[in-house]
Amino acid sequence: MIVMKFGGSSVANRKQIEKVLAIVRGRAGRTPLVVSSAHKGMTDALLSGAREAARGVYAPERVIERQAAIARDLGCDDALLAPFYEEISALYRGLSLVRELSLRSLDYAASFGERMAVRVIADFFTREGLPAQAFDVWDLGFLTDGAFGSARPLPGYEAAMQRAVRERVPAGVVPVVTGFVGKTEAGDITTVGRNGSDLTATLVGAAIAAEEVEIWSDTDGVMTADPSVVKKARSISEMRFDEAAELAYFGSRVLHPSTLVPAMQKNIPVRVLNTNRPEHPGTVIREAAPPSELSATSIAYKEGQLAVTIRSTRMFGAAGFLGEAFQALGRHEVVVDMIATSEVSVSFTTDRREPLDRALPDLERLGEVRVEAGKTLMVVVGRRLAAQAGLGAAILQAVADAGVNVEMVSYGMKSISLTMLVADKDVGAASAVLHERLFERA
C-alpha cells in the first residue's frame with residue numbers, strides 16, 4: 001500500500017477535490033490509503049465558533065453553511081452530514097450555556113472538519129466511479145493518549161491498525177481516513193496538533209508498512225527557501241530525513257515538525273508533491289540521498305521567538321548554575337529552541353509566553369533576567385556545513401551584507417544546521433541574500 005495525504009488547500013472545494021480524484025485514480029494499482037485534512041479554513045471556523053459559543057454567542061449556522069456549500073457543490077445528499085450538523089449545534093449550545101471551553105472541548109470541535117471532509121470526499125469518489133469508503137481513523141485502530149491538542153497513539157496501535165485495515169477495508173475500495181484526530185480508550189476525541197494530518201499519514205504508513213507516504217500540498221515539494229519570501233526559491237529533488245526534520249522544526253511550512261519520526265523509524269520514503277502540478281516530481285525524503293553540489297540544502301525560519309538572557313556573576317567558574325536554570329525551565333514546561341552561554345550569562349529562545357511567565361520568578365532568583373520579543377530563528381541546513389571550510393563564515397557574512405544584525409548563533413559540532421537569531425523585521429532581507437549566495441550563484 002501507499003499512503004496519500006491531502007492537505008486543506010488540496011481539498012478546499014470541488015475543483016481541488018476533482019484534482020485529488022484524478023491523482024488517486026492514477027495510483028489505484030498501488031492500493032492507496034488516503035488521509036485527508038479538513039477543507040481549507042474549516043478548522044479555524046469550527047474553533048472560532050466554539051470560542052464564540054463559550055462567550056455566549058450561539059451561531060452554529062455559520063460553520064454549518066460553510067461545510068454544506070462544499071457538500072452541495074460535490075453533489076452530496078443533504079442527509080450525509082445531517083448528524084454532524086446536529087452534533088455541532090448541540091456542542092455549541094452546551095458551550096454557550098456553561099460559558100467554558102476546555103482543551104477537550106476544543107479538540108472535539110476541531111475534529112468535525114476532518115470527519116465531515118472524508119465523508120463528502122469518499123461519497124464523491126464513489127459516484128465518480130472510484131469506489132471509496134470514509135473511516136474515522138480510530139475505527140482503524142488509531143487510539144491515543146489523553147494529551148488533548150498533542151495526542152500520540154497508544155503502544156500497540158500498529159498491530160491494531162494492521163488488523164483493522166485488513167478486516168474492515170473491502171477489497172477494491174479506497175479508504176479515505178481522517179487526519180489530525182484520534183480517540184482515547186475512554187472515547188474522548190483528541191487531536192495530534194495543528195496541521196497534524198502529515199503526522200497521521202506517517203503514523204499510519206508506519207503501522208501498515210507502506211511502500212511510501214505521499215504528502216500532497218500546494219508547493220512543488222520542499223523548497224530551498226520560503227517562496228513567499230524568496231521568489232527564486234526552487235524545489236529540492238532529494239534530501240535526507242535528518243535535513244528535512246531540521247527544516248520542519250525550524251519553520252519550513254511544508255511538513256509538520258513530528259511528521260518524519262515514524263517514517264525514519266521504519267525507513268519509509270516520504271514524497272512531497274503538488275496537487276496543482278501532479279506532473280512535478282516534488283521532493284523525496286529518505287534515509288540516504290545522493291551527494292549534492294550545493295553548499296546547503298535549504299533556509300528556514302521560525303518567527304515569534306522570545307529571547308531570554310540570565311546574567312549572574314554566580315556563573316563564573318561555578319558548577320550547577322545551568323542545572324538550576326534548566327530545572328526551572330523544565331518545571332514550568334518551557335521549550336527551549338536555541339541556547340548560548342558565556343562566563344556570566346546564558347541566553348535562550350522560546351516561542352510560548354505563558355510557560356515562560358510562570359518560570360520567570362524562579363529564573364530571577366538566579367540573576368538578572370531580560371526578555372526581548374520580536375525575534376526570529378533563521379536556520380541554514382546542509383550536510384556539507386561541517387565539512388566545507390569557511391562556509392559558516394560565508395553565511396554570517398551574507399547576513400551582515402544584508403544589513404542584518406545576528407544576535408545569537410548556535411552551531412553544534414558536526415551539525416547539519418547553523419542557527420541565527422535576528423529581528424522579525426529582518427527575515428526578508430536575510431533570506432534573500434542567503435539564498436542568492438548559497439543557491440543562485442552555485
Side-chain angles (χ1 to χ4, degrees), residues 1-40 42-43 67-85 111-142 161-183 197-198 200-205 207-217 271 273 275-276 278:
M1 298 183 76
I2 62 168
V3 173
M4 306 175 69
K5 177 265 175 178
F6 292 92
S9 60
S10 296
V11 297
N13 49 43
R14 178 175 180 131
K15 180 179 178 181
Q16 290 300 105
I17 294 171
E18 286 175 342
K19 295 177 185 177
V20 171
L21 171 61
I23 292 167
V24 176
R25 182 176 273 141
R27 284 162 168 72
R30 300 177 69 188
T31 319
L33 181 152
V34 172
V35 172
S36 178
S37 296
H39 308 299
K40 185 176 182 179
M42 275 300 300
T43 302
Q67 177 65 63
I70 297 173
R72 284 193 300 267
D73 199 29
L74 290 168
C76 299
D77 190 288
D78 290 344
L80 180 65
L81 296 182
F84 292 98
Y85 300 156
S111 74
F112 286 103
E114 274 73 12
R115 293 160 67 195
M116 294 187 294
V118 298
R119 283 159 174 84
V120 298
I121 292 169
D123 181 69
F124 178 70
F125 279 14
T126 300
R127 286 184 284 106
E128 291 294 314
L130 182 66
Q133 183 175 337
F135 289 92
D136 291 319
V137 70
W138 52 77
D139 290 329
L140 295 179
F142 190 87
M161 289 207 76
Q162 289 172 14
R163 184 170 58 253
V165 169
R166 186 170 59 249
E167 294 175 353
R168 298 182 184 180
V169 178
V173 169
V174 175
V176 183
V177 182
T178 52
F180 176 55
V181 298
K183 183 180 279 190
S197 292
D198 291 351
T200 302
T202 53
L203 286 167
V204 171
I208 65 174
E211 170 193 346
E212 186 172 88
V213 174
E214 296 181 347
I215 305 292
W216 291 84
S217 64
R271 194 176 298 270
L273 297 155
T275 307
N276 300 312

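Sorted by first and then second residue, the side chain to side chain donor-acceptor pair (under 3.5 Å) pairs with a member in residues 163-175 form an empty list; sequence neighbours excluded.
The minimum heavy-atom distance between Ala117 and Ala38, with the atom names listed, is CB-CA, 4.1 Å. Closest non-hydrogen pair, Pro32 versus Val174, comes out as O-CG1, 3.9 Å. Considering every non-hydrogen atom in both Ala201 and Val3, the closest pair reads O-CG1, 3.7 Å.
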List the atom pairs, with distances to 0.1 Å, where a side-chain N or O of residues 130-138 and a protein N or O form a donor-acceptor pair under 3.5 Å, not counting sequence neighbours.
unit_1 : atom_1 : unit_2 : atom_2 : d
Asp136 : OD1    : Arg119 : NH1    : 3.2
Asp136 : OD2    : Arg119 : NH2    : 3.0

Taking only distance into account, with no hydrogens and no angle test, what donor-acceptor pairs under 3.5 Å do side-chain atoms of residues 68-84 form with protein atoms, sequence neighbours excluded?
unit_1 : atom_1 : unit_2 : atom_2 : d
Arg72  : NH2    : Glu65  : OE2    : 2.5
Asp77  : OD1    : Ala79  : N      : 2.7

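For Arg14, the salt bridge (charged side-chain N to carboxylate O under 4.0 Å, His left out) partners two or more places apart in sequence, or in a different chain, are Glu18. With sequence neighbours left out, the salt bridge (charged side-chain N to carboxylate O under 4.0 Å, His left out) criterion links Glu128 to no other residue. Residues satisfying the salt bridge (charged side-chain N to carboxylate O under 4.0 Å, His left out) criterion with Arg27, sequence neighbours excluded, are Glu214.
Val20 places none of its side-chain heavy atoms less than 4.5 Å from the side chain of Trp216. Val24 places a side-chain heavy atom less than 4.5 Å from the side chain of Phe6. When side chains are defined from C-beta on, Phe142 does not count as touching Val177, because their heavy atoms never get closer than 4.5 Å. Taking 4.5 Å as the limit, every side-chain heavy atom of Gln16 sits out of range of all side-chain heavy atoms of Val11.
Other residues, nucleotides and ligands contribute at most 12 non-hydrogen atoms within 6.0 Å of the NZ atom of Lys40.
One distance of note links OG of Ser197 with CD1 of Ile215; it measures 9.0 Å at 0.5 Å rounding. Atom CZ of Phe112 sits about 13.0 Å away from atom OG1 of Thr178, to the nearest 0.5 Å. Asn276 contributes atom CG, which lies 9.0 Å from atom OG of Ser217 (distance to the nearest 0.5 angstrom). Rounded to the nearest 0.5 angstrom, Thr200 OG1 and Lys5 NZ are separated by 9.0 Å. How far CE of Met4 is from CD of Glu212: 10.0 Å, rounded to the nearest 0.5 Å. Atoms CG and CD1, on Leu203 and Ile208 in that order, are 11.5 Å from each other to the nearest 0.5 Å.
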Query raised in the report: Would Glu211 and Thr31 count as a side-chain contact (heavy atoms from CB on, under 4.5 Å) if you check the C-alpha gap in whole Å, the side-chain angles of each, and the deciding distance to 0.1 Å?
Result: CA-CA 10 Å; Glu211 170 193 346; Thr31 319; over 6 Å; no
**Report entry** side-chain contact (heavy atoms from CB on, under 4.5 Å) between Leu140 and Val169, worked out
**Finding:** CA-CA 9 Å; Leu140 295 179; Val169 178; 4.3 Å; yes
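Here the side chain of Glu114 pairs no donor or acceptor atom with the backbone of Ser36 at under 3.5 angstrom.
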